[in-house]
Visitor: 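Let me begin by handing over the structure; questions about it come next.
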There are 2 protein chains.
Amino acid sequence: MKYLEKLRNSGLRPTKQRLQICEVLFNTNKTFHFTINDLSEKIKKQTSKKISLATLYNTVHAFEKKGYLKQIPINSGQAYFDTNVTDHHHFYDLKEEKLIDLKNSDVGPINILKKINGKKIKSVEVLVKLED
Amino acid sequence: MKYLEKLRNSGLRPTKQRLQICEVLFNTNKTFHFTINDLSEKIKKQTSKKISLATLYNTVHAFEKKGYLKQIPINSGQAYFDTNVTDHHHFYDLKEEKLIDLKNSDVGPINILKKINGKKIKSVEVLVKLED
DNA sequence: TTTTAGTTTATAATGATTCTAAAAAGGTGT
DNA sequence: ACACCTTTTTAGAATCATTATAAACTAAAA
């Protein structure tokens, strides 16, 4: 069990459900974007068991807090998550309603010149909206 | 009525409600960020009349489509709008849950090197998350 | 003023997310 | 294996933002 230790080390009990979710999210060489509903469907297909929505919400938020997932800032009715937690950006295709990764090197260095007193920068995210 | 013509020229009938909303949104030299609920409260205070939520949603979306408002890409349970429709960016203070404008010149030029076939760039928006 | 199409409204419906409280399961010590 | 305690899961209810509905209203045109 390759995720068992990862979970334990994070202080998260390696439950059946969490291990299954890890398989679906991380046992692939491609990263991807998903909503909670997408994840629910994916799990229904890939494994034959069902995991309750409440658990999916709990787990995704727990993984996000641990840095295993990132939420993507976008205006959509639902929350989008990314299994790619490296520093990068996104295209958003308005017509297809689809997100596309943008490597940091495809954007170039971004230098924030303004400083806010007593606050430090946690992240800098670029969203590039696309139209036809 | 300074907004009457603006609305007419946009193909929007200058109704009592829309004119009131214009007053609250645009009759100030400061731009600001708001949610539909914020706007509802502001209207209740500034004018003594109430406008139904449905109308606020309709009107804000109509104004957005006409380019009089912009929606800000952020992960929050509710939609945030900006009366500043010029090209600019945002800080998001995670603790205070508050948005702060970032002038384009405070970020410097952003050059998107990757191109997507058949799509053109509609907007480039930067969100800088702040923590203590 | 009559007509027409666009607008407002209360309310219902929807959809995503969070809450709740009870049952189940993981981990530890015996 | 067993008992104990704590965390986790779960179905279902509750909440919150947003959209849909359909009837009443109103601006503008004929």
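Note that this is a predicted model, so its numbers are computed, not measured. In what follows, every chain begins at residue 1, and chains take the letters A, B, ... in the order their sequences are listed. Computed over heavy atoms, backbone and side chain alike; hydrogens, waters and symmetry mates excluded.
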Visitor: Picking from dT7(C), dT17(C), dA10(C), which would you name as closest to the side chain of Ser52(B)?
Guide: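 The nucleotide sitting nearest to the side chain is dA10(C).
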
Visitor: Any carboxylate oxygen within less than 4.0 angstrom of a Lys/Arg side-chain nitrogen, looking at Lys44(A) and Glu41(A)?
Guide: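 Salt bridge present between Lys44(A) and Glu41(A).
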
Visitor: Measure the distance from CG on Asn58(A) to C1' on dT18(C) and round it to the nearest whole Å.
Guide: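 Interatomic distance, CG of Asn58(A) to C1' of dT18(C): 9 Å.
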
Visitor: Between atom CD in Glu41(A) and atom P in dA16(C), what is the gap in whole Å?
Guide: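 After rounding, the reported distance stands at 11 Å.
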
Visitor: Between Gln17(B) and dT9(C), is there a side-chain N or O to OP1/OP2 distance below 4.0 Å?
Guide: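 Yes, within the criterion.
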
Visitor: Less than 4.5 Å apart, side chain to side chain, heavy atoms only: is that true for Lys6(B) and Arg18(B)?
Guide: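 Side chain of Lys6(B) against side chain of Arg18(B), heavy atoms only: no contact under 4.5 Å found.
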
Visitor: Between which nucleotides of DNA chain D, read 5' to 3', does contact with chain B run, using atoms under 4.0 Å from its heavy atoms?
Guide: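 First-to-last contact on DNA chain D, by the 4.0 Å heavy-atom rule, is dA17(D) to dA28(D).
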
Visitor: Mind checking if Thr15(A) touches a base, just sugar-phosphate, or nothing, with heavy atoms under 4.0 Å?
Guide: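 The answer is sugar-phosphate, as Thr15(A) gets under 4.0 Å only of primed atoms, P, OP1 or OP2.
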
Visitor: Salt-bridged, Asp132(A) to Lys119(B), with N to O below 4.0 Å?
Guide: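 A salt bridge links Asp132(A) with Lys119(B).
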
Visitor: Please report, rounded to the nearest Å, how far the C1' atom of dT7(C) is from the CD1 atom of Ile51(B).
Guide: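 These atoms are roughly 12 Å apart.
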
Visitor: What is the separation between atom NZ on Lys16(B) and atom C1' on dG6(C), rounded to the nearest whole Å?
Guide: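 Taking NZ of Lys16(B) and C1' of dG6(C), I get 15 Å after rounding.
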
Visitor: Show the nearest heavy-atom pair for residues Asp82(B) and Val85(B), with the distance to one decimal.
Guide: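 Shortest heavy-atom contact: O-CG1, 4.3 Å.
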
Visitor: Take atom NE2 of His61(B) and atom P of dT7(C), then tell me their distance rounded to the nearest Å.
Guide: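 From His61(B) NE2 to dT7(C) P: 16 Å.
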
Visitor: Test side chain to side chain contact (heavy atoms under 4.5 Å, CB included) on Asp93(A) and Ile116(B) and set out the steps.
Guide: CA-CA 10 Å; Asp93(A) 186 328; Ile116(B) 302 286; 5.8 Å; no

Visitor: So, is Arg8(A) near the phosphate of dG27(C), with a side-chain N or O under 4.0 Å from OP1 or OP2?
Guide: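 Answer yes for this pair, as a side-chain N or O of Arg8(A) is under 4.0 Å from OP1 or OP2.
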
Visitor: Might you confirm whether atom NZ of Lys120(B) has over 12 heavy atoms from other residues, nucleotides or ligands at distances under 6.0 Å?
Guide: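 Not buried by this count: 12 neighbours or fewer within 6.0 Å.
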
Visitor: If I take atom CZ in residue Arg18(A) and atom C1' in nucleotide dA25(C), what distance separates them, rounded to the nearest angstrom?
Guide: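 That distance rounds to 11 Å.
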
Visitor: Take the protein atom CD of Glu64(A) and the nucleotide atom P of dT18(C), then report the distance between them rounded to whole Å.
Guide: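 Nearest whole value for this atom pair: 10 Å.
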
Visitor: For Asp101(B) and His33(B), test the side chains for any donor-to-acceptor distance below 3.5 angstrom and give the result as yes or no.
Guide: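 Present: a donor and an acceptor within the cut-off.
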
Visitor: Any side-chain N or O of Tyr57(A) under 4.0 Å from OP1/OP2 of dT18(C)?
Guide: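 Answer is no, no contact under 4.0 Å.
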
